[in-house]
Amino acid sequence: MKLMTKTVAACALALAFGAQAAPATEPLKMRWEVLRNEFPTADGRGRTKARLSMTATRGQPLPAKGWSLYFNCMDGVVTGPLAGNLQLEQVVGGSLFRVRPTAGFKGLPAGRTLNVDYYYPSMLTTMSRAPVGPYLVFDAAPDVAYAITDFQQQLPTRPEQLKRPAGRHDLVTVQETYRRNARAEVLPFSALPPVFPTPLELKAGSGRVQLARAPQVISGPGLQYETAYARELFARYLPQGDASRTPVPLRLRIGMVDGQSSPEAYELTVSSDDGINIVGNTAAGVARGLQSLHDLLPLPSNAAQIDLPELDVIDAPRFAYRGFQLDVARNFQPKAVVLKTLDLMAAYKLNKLHFHLTDDEGWRLEIAGLPELTSIGAVRGHSTKEGQRLPPTYGSGPRADDLHGSGYYTRADYVEILRYAAARHIEVIPEIEMPGHARAAVKAMEARYHRMQAAGEEGADKYLLNDFDDRSVYRSPQEYTDHVLNPGLESSYAFVEQVVAQVAALHREAGVPLKTMHMGGDELPHGAWERSPVSQALMQREKLASTADLWDYFYNRVDGILRKHGMFASGWEEMGARRSAQDGAQQLPNPRFTQRGFSLYVWNNTPGNEDFAYRLANAGYDIVLAPVTNMYLDMATNPNPEEPGVNWGAYVDLDTVFDFQPYGPALTDAGRRHIRGIEATLFSETIRDVGRLDYLMMPRLLAVAERAWAPDPALAAASHRAAWSGFVNVLGQRVLPRLDLERGDVQYRIAPPGMVVEGGKVLVNHILPGLTLRYTTDGSVPTVQSKAVTGPISARGVIQAAAFDRNGRSGLVARIVNR
């Protein structure tokens, strides 16, 4: 009783200083680990037993009752009673769970550890499903949450932790990595393609052009950004220069490139007689040519002069659409990260930023007239008050000021992003998710309604998105049951109109026309709207036979709103699909919208839908290919537990992206013309810092850039080997070293080396020739002081090796025993 009084007093003191106050010492430290994988189970999926170990800090016991331990766990856990008189339960729809004591729990004395064992309903094979963002709340002060920062997640290493069904989620060994790496030849630097991505035509000359000072930039009209970029580029490479030498001319102009119709086509010539010339069909073409000129420069050094090879490049992209989707809704990314991403996209000739601004877990753009979208929909944190903020998700924890759980772009921020992108000839395509994946908007507009109702203000229901009498039963893949816009409410369309109008206004303010908006369409769960009185009334009025017809009605209205603002509609493939009554059934192209000019982004090429993108294209829809099995960069590289990312759709390695064939055999000639391009997608469930973003994005985004710009390599083994060899050598010897030396702030994935023992010696290789490999023989982790791998290693014992970038940053460590 005395201990309980002490705890309550501490909570009361924290409450007096504010709902998010932190205690002087954390009440718990925690550790999590997998105990074992178990299979088969009755459903054939297997399951995982895991353990949360909680240690009460000294001087602060955990009482027998009156507390709850909260955490997020993606994809869910098995809820219900636990051993030791504990209960595990889901708090709200989504990924927030808690453990709390029940009658008979004895409490946890200070300094002692409590093991809480629980199950996952299917096998855990990546760390993405580990609990994140734990915090403790006492019943005596329910709005005071104590974040637990001393929390260790233990990587699985023991056989029972790593056990897998045969042929599923097999771990990648160092020997297998060696064999995969050996598929590419190591090329000398002089043999590498000088321009990335691979250009359409390149004719090498015999001489070289010497630059002893920065060239004289001579440009035509409409090339202000390109002129500034060219001058800044050579100011970096030749900051001093020999003023006594006549500068080589660098001419930039807009003009027709022979035989090329793409607005991004360019011709780059470097000649000892005529200097450097870049002609582009548009300013965008000139900009792409400047990036190729950048590639020709030697890696940064202190050299007083530089030499360029004589050559003539005629180049144009394979696809007009070369995109990257950045999700800032699930975990927010600051404006500086977006600008950095745009710089990387421009460097590798990508031209579309698909900006995923809203989802269930966050609304990230300020909209005039709807302040709740950001005051509530952009804030996550612990609260017992309904409608105050969104719950913690994806590890954002209890604090409302968490940098990734909370945050949004002001209108000024967004205008700055638009102008920054436009200067680099990148189109920003904002995405507003609907009718599913919309919980942030639904809850924000519900809070607006209750605020105005309480104040007696008129128009409280003007933008309401949910029917309070809706008794529909559904559950989304993210475990939400209250996250959809209701098409039976006229206020839903008023909301869409307001958002579209305000986003269009921001684009006008930026001087950047808005051609399309991505209007979602993803993963509306079966059962939604079926027991909503207002939706049923609408169906009766409009003589709609099913919710599939209601879906068509909704997107017909949304399309009309966009058309009024001079835009065409973009969305996920479901927007152009005919919804079936059966979950998981094969999707069919919806004939209703084939002539509307919809642009569909097709992610689902999972079993049963492998050719759906092509069937949609054949039916007349414009298609952007974003297949989960090749282009989802949030997927883990492989099943090894140290690799971050999710794995619900695939494992995506560098060659998985490179080998993607955009055109399938099911395409007709007409359908082929509807393939606009390809896009890499990066959802941010696991991205809590910019380093993780870099790791998942790079260098796989470089494979996307190559595949979107350059033609496919020939399918013949020899041709493919040559193309793959050129690609990985260019990355390892040119592209990534330049990134290291010019920027130094991109923490791209450095893969572990491959290793085998042959003839009593250890052979080591890497997927990217050119990175420095270092090793140790005493079992220690390699550092920049460790020996470089220069050939076979004859030492015995435990050999550990790692690759290092030009700045000395190391990658994942590989280990082998040479007996």
Suppose we call two aromatic rings close when their centres sit under 6.0 Å apart. Are [X] and [Y] close by that rule?
X      : Y      : result
His356 : Trp363 : no
Tyr408 : Tyr414 : no
Tyr493 : Tyr463 : no
Phe332 : Tyr409 : yes

- [ ] Please name all residues satisfying side chain to side chain donor-acceptor pair (under 3.5 Å) with Tyr695, sequence neighbours left out, ordered by chain then number.
- [x] Glu643, Arg749
Can [X] and [Y] be counted as having a side-chain donor-acceptor contact under 3.5 angstrom?
X      : Y      : answer
His294 : Glu742 : yes
Asp653 : Thr656 : no
Gln325 : Trp603 : no

Open item on the list: If you count every heavy atom of other residues, nucleotides or ligands that lies below 6.0 Å from Glu386 atom CD, does the total exceed 12?
Closed with: no
- [ ] Assess whether side chain to side chain donor-acceptor pair (under 3.5 Å) is satisfied between Ser684 and Asn331, documenting all intermediate values.
- [x] CA-CA 6 Å; Ser684 63; Asn331 270 312; 5.0 Å; no
Open item on the list: Among Phe683, Tyr601, Tyr321, exactly one meets ring pair (Phe, Tyr, Trp, His ring centres under 6.0 Å) together with His354. Which residue is that?
Closed with: Tyr601
TODO: Compare every heavy atom of Leu625 with every heavy atom of Pro627, then report the nearest pair and how far apart it is.
DONE: CD-C, 3.4 Å
TODO: Locate the shortest heavy-atom distance separating Gly732 from Pro737; write the atom from each residue and the value.
DONE: O-CG, 3.3 Å
Kindly write out the residues that satisfy side chain to side chain contact (heavy atoms under 4.5 Å, CB included) with [X], not counting sequence neighbours, or none if the list is empty.
X      : value
Asp75  : Arg129
Arg411 : Glu366, Ala368, Leu506
Arg451 : Glu372, Arg448, Glu457

I need the [X] [atom1] to [Y] [atom2] distance, nearest 0.5 Å.
X      : Y      : atom1 : atom2 : value
Asp805 : Leu739 : CG    : CG    : 9.5 Å
Asp522 : Asn604 : CG    : CG    : 9.5 Å
Arg806 : Leu736 : CZ    : CG    : 10.0 Å
Glu427 : Leu350 : CD    : CG    : 13.5 Å

Is the closest basic N to carboxylate O distance between [X] and [Y] below 4.0 Å?
X      : Y      : value
Asp343 : Arg743 : yes
Arg688 : Asp402 : yes
Lys385 : Asp143 : yes
Glu416 : Lys335 : yes
Arg439 : Asp482 : yes

Task: Pair His382-Gln388, side chain to side chain donor-acceptor pair (under 3.5 Å): steps then yes or no - done: CA-CA 9 Å; His382 178 77; Gln388 186 176 47; over 6 Å; no
TODO: May I have all residue pairs that pass salt bridge (charged side-chain N to carboxylate O under 4.0 Å, His left out) and include part of residues 689-702, sequence neighbours excluded?
DONE: Lys340-Asp694
Task: Pairs involving residues 424-443, ordered by first then second residue, that meet ring pair (Phe, Tyr, Trp, His ring centres under 6.0 Å) (sequence neighbours left out) - done: none
TODO: Determine, step by step, whether Val628 and Trp648 satisfy the side chain to side chain contact (heavy atoms under 4.5 Å, CB included) criterion, reporting the C-alpha distance in whole Å, the side-chain angles of both residues, the deciding distance to 0.1 Å, and the verdict.
DONE: CA-CA 9 Å; Val628 63; Trp648 59 264; 3.7 Å; yes
Open item on the list: Using the rule given for salt bridge (charged side-chain N to carboxylate O under 4.0 Å, His left out), can you reason through Glu497 versus Lys564, listing the C-alpha separation, both sets of side-chain angles and the distance that settles it, and then say yes or no?
Closed with: CA-CA 10 Å; Glu497 168 65 42; Lys564 187 175 74 172; 3.0 Å; yes
Task: Cation-pi, Phe658 ring and Arg707 (6.0 angstrom, 45 degrees) - done: yes
TODO: Mind running side chain to side chain contact (heavy atoms under 4.5 Å, CB included) on Val496 and Met434 for me, showing each step along the way?
DONE: CA-CA 9 Å; Val496 174; Met434 61 182 68; 3.9 Å; yes
Open item on the list: Any non-hydrogen side-chain atom of Lys349 less than 4.5 Å from a side-chain atom of Pro197?
Closed with: yes
